[in-house]
Amino acid sequence: MQTLAIIGSQWGDEGKGKITDLLSQKADLVVRYQGGNNAGHTIWVDGKKIVLHLVPSGILHPHCLSVVAHGVVLEPEAFMTEVNRVREHIPVNGKNLLVSENTAVITSWHKLIDAAREGQGAVKIGTTGKGIGPSYEDKIGRRGLRVRDLLNKDQLFKRLSETADEKIFLLEKRYNIKAPTVAEETERLWTLGQTMKEFVGDAFGILQDSLVRGKKVLYEGAQGTLLDVDYGTYPYVTSSNTTAAGIHTGAGTLNGRVDEILGITKAYTTRVGEGPFPTELFDEVGQYIQKTGNEVGATTGRIRRCGWLDLPALRYAIQCSSLTSIALTKLDILSGMDVLRVCEGYKVDGKVFTTARPGMDLARVEPVYRDLKPFKDDFASDKLSTELQAYINLIETELKIPVGIAAYGPDRQQIKFRKDYF
Ligand code: GDP
Ligand code: IMO
Ligand code: MG
């Protein structure tokens, strides 16, 4: 296995950071290919918590080159703040962190527009407020700024002069918000560009070259399948392709393939922000999972909505990304509960569907549940209880792909491998 992708198979926060960090031990490159600092990937090392938003989760391994590829949207100020925070743990320089010169930039206007739309717009998505959507809009609209533009002041001023007027007009006339001028934004971004210069380079070329030389590459996805702009619960989605397709447009592969596509899957389901969620629990069971699982957003501090494992959504996630195996996380949170359920189908107008579909109105589906025997494992030995084994077997039988990793705690060590990776 030379290449491996980490994909969120639900609505994000499945434990991608922890699994990426763990598998990075054997990788040469770790590549972020979509999303931006809307992500919050938590890693616990020796009792210390590190939350990464934009810097790839391979950064804690000195032998790894962490790459922010061209499919990402990068907010330079947040990026440098994060780099300096990571430097408290490990040296970070142009040798272990590389940003593509073609990566799209998030400007002050993007952040202001994101916040204004959430507060005053017609549809509230519950975004992270980081300017992700507006920046991707400009990229697709061919008005965007790229990291390379930050390094040439004249080019930066010219590019902003050509493209900023609509955004300033929108902020000041529609939302009544004072926007920075082109000159102010040029100065701010130019200064930031100078501080991040050492990281900027030809990420695509270096990645291709590494692949040809047989280096092991881990692609680190952000968000989750149901937040994908094409496959997710539109419009309650993020603005990038969070599924495996995003790897091909956002970073690049060798011969169009990724050897292993690992779907990170929480043993239950969570969602943060607005939008439909078929298995959401509104009772004390949901509250118990939220509290015990410490389900609080790593980026915004919002409480995550909680519910049972959703097999129709997972069958769909497997189709969307051609997932080859699953890492099941947070099994410890379900351990010791009095009830254990999984959703095995969606009832819509009297008909039962076993797989979610794009455009299916998940707000209208009624989950069909199967009750299972609860398990009570302390994970102290290698042996799993019959009940937990049955839970994992059911998932493997229903999803028809192996559960290659079972995780039972936030730390690097709290994991059981059932399959080899890398
Ligand atoms: P990501 O966005 O997919 O990287 O996930 P987050 O970091 O946002 O959220 C996952 C949370 O669960 C983090 O606080 C992790 O430290 C924690 N976590 C990951 N795996 C496990 C596990 O198996 N058990 C427990 N209890 N916590 C876990
Ligand atoms: P990680 O990588 C969970 C959600 C937001 C909102 C929607 C759109 O940590 O799993 P955006 O700011 O992207 O325009 O918000 O997407 N969202 C996430 N939810 N985990 C994430 O990332 C998320 N990134 C965005 O809450 O509902
Ligand atoms: Mg997260």
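As a basis for the values below, the full set of heavy atoms in this structure was taken, side chains included, without hydrogen atoms, waters or symmetry mates. Whatever order the structure lists them in is the order used to number ligands and atoms, beginning at 1.
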Please work out, at 4.0 Å between heavy atoms, whether the side chain, the backbone, both, or neither of Tyr236 comes within that distance of ligand 2. neither

For atom 5 (C) of ligand 2, what is the closest protein heavy atom, and at what distance to 0.1 Å? Gly126 O, 3.5 Å

Any ion pair linking Glu137 and Arg117 (charged N to carboxylate O, less than 4.0 Å)? yes

Between Asp382 and Lys416, is the closest basic N to carboxylate O distance under 4.0 Å? yes

Per-atom contacts of ligand 1 with Ala407, taking only distances under 4.0 Å to non-hydrogen atoms: 23 (O)

In this structure, does ligand 2 have an atom that sits under 4.0 Å from one of the heavy atoms of Arg304? no

One pair to check against salt bridge (charged side-chain N to carboxylate O under 4.0 Å, His left out): Arg418 and Glu396. What are the steps and the verdict? CA-CA 12 Å; Arg418 304 171 82 245; Glu396 290 187 321; 2.9 Å; yes

Where the closest heavy atom to atom 13 (O) of ligand 2 is concerned, which of Thr238, Val229, Ile264 has it? Thr238

So which bit of Ile333 gets within less than 4.0 Å of ligand 1, heavy atoms only: side chain, backbone, both or neither? side chain

Quick look: Val237 vs ligand 2, heavy-atom contacts under 4.0 Å, and the answer is backbone

Would you say that Thr225 contacts Leu323 through its side chain, given a criterion of any heavy-atom pair below 4.5 Å between the two side chains? no

Part of Arg304 with heavy atoms under 4.0 Å of ligand 1, whether side chain, backbone, both or neither: side chain

At a non-hydrogen distance cut-off of under 4.0 Å, which region of Lys130 contacts ligand 2 (side chain, backbone, both, or neither)? neither

Do ligand 1 and Gly409 have nitrogen or oxygen atoms that lie under 3.5 Å from each other? yes

For atom CD1 of Ile303, decide whether the heavy atoms of other residues, nucleotides or ligands shown that lie under 6.0 angstrom number more than 12. no

Of the listed options (Thr42, Ile405, Val296), which comes nearest to atom 13 (C) of ligand 1 when hydrogens are ignored and any heavy atom counts? Thr42

Min heavy-atom dist Ala298 to ligand 2 below 4.0 Å: no

In terms of side-chain geometry, is the basic nitrogen of Arg412 or Asp21 positioned less than 4.0 Å from the acidic oxygen of its partner? yes

Please state the angle at the Mg ion (ligand 3) spanned by O of Gly40 and OD1 of Asp13: what is it, rounded to 10 degrees? 160°

Counting heavy atoms only, which part of Arg271 comes closer than 4.0 Å to ligand 2: side chain, backbone, both or neither? neither

Per-atom filter on ligand 1: closer than 4.0 angstrom to a heavy atom of Gly15 are 1 (P), 3 (O), 4 (O), 5 (O)

Could you list which atoms of ligand 1 come closer than 4.0 Å to a heavy atom of Lys18? 19 (C), 20 (N)

Looking at ligand 2, does Gly224 have a heavy atom less than 4.0 Å from it? no

Near Ile125 (heavy-atom distance under 4.0 Å), the atoms of ligand 2 are 27 (O)

Run through Asn38, Asp13, Thr238, Thr242 and flag the one making a side chain to side chain donor-acceptor pair (under 3.5 Å) with Gln223. Asn38

For ligand 1, indicate whether the residue Tyr408 contacts it via side chain, backbone, both or neither (heavy-atom separation under 4.0 Å). backbone

Identify, for atom 23 (C) of ligand 2, the protein heavy atom at the shortest distance, and state residue, atom and that distance. Gln223 CG, 3.6 Å

At a 4.0 Å threshold, what atoms of ligand 2 neighbour a non-hydrogen atom of Arg302? 5 (C), 26 (O)

Do ligand 2 and Ala222 have nitrogen or oxygen atoms that lie under 3.5 Å from each other? no

Residue portion contacting ligand 2 (non-hydrogen atoms closer than 4.0 Å) for Leu227: side chain

Does the pair Glu75/Lys111 count as a salt bridge with the N-to-O cut at 4.0 Å? yes

Assess whether a salt bridge exists between Glu185 and Lys167, defined as any Lys/Arg side-chain N lying under 4.0 Å from an Asp/Glu carboxylate O. no

Per atom 6 (P) of ligand 1, closest listed option by heavy atom (Gly40, Ala298, Gly17): Gly40

Donor-acceptor side-chain pairing of Ser325 and Glu260 below 3.5 angstrom: yes

N/O separation below 3.5 Å, Leu331 to ligand 1: no

Establish, yes or no, whether the cationic atom of Arg271 lies under 6.0 Å from the six-membered ring centre of Phe277 and within 45° of the ring axis. no

Of all the non-hydrogen atoms in the protein, which one sits nearest to atom 3 (C) of ligand 2, and at what distance? Asp13 OD2, 3.2 Å

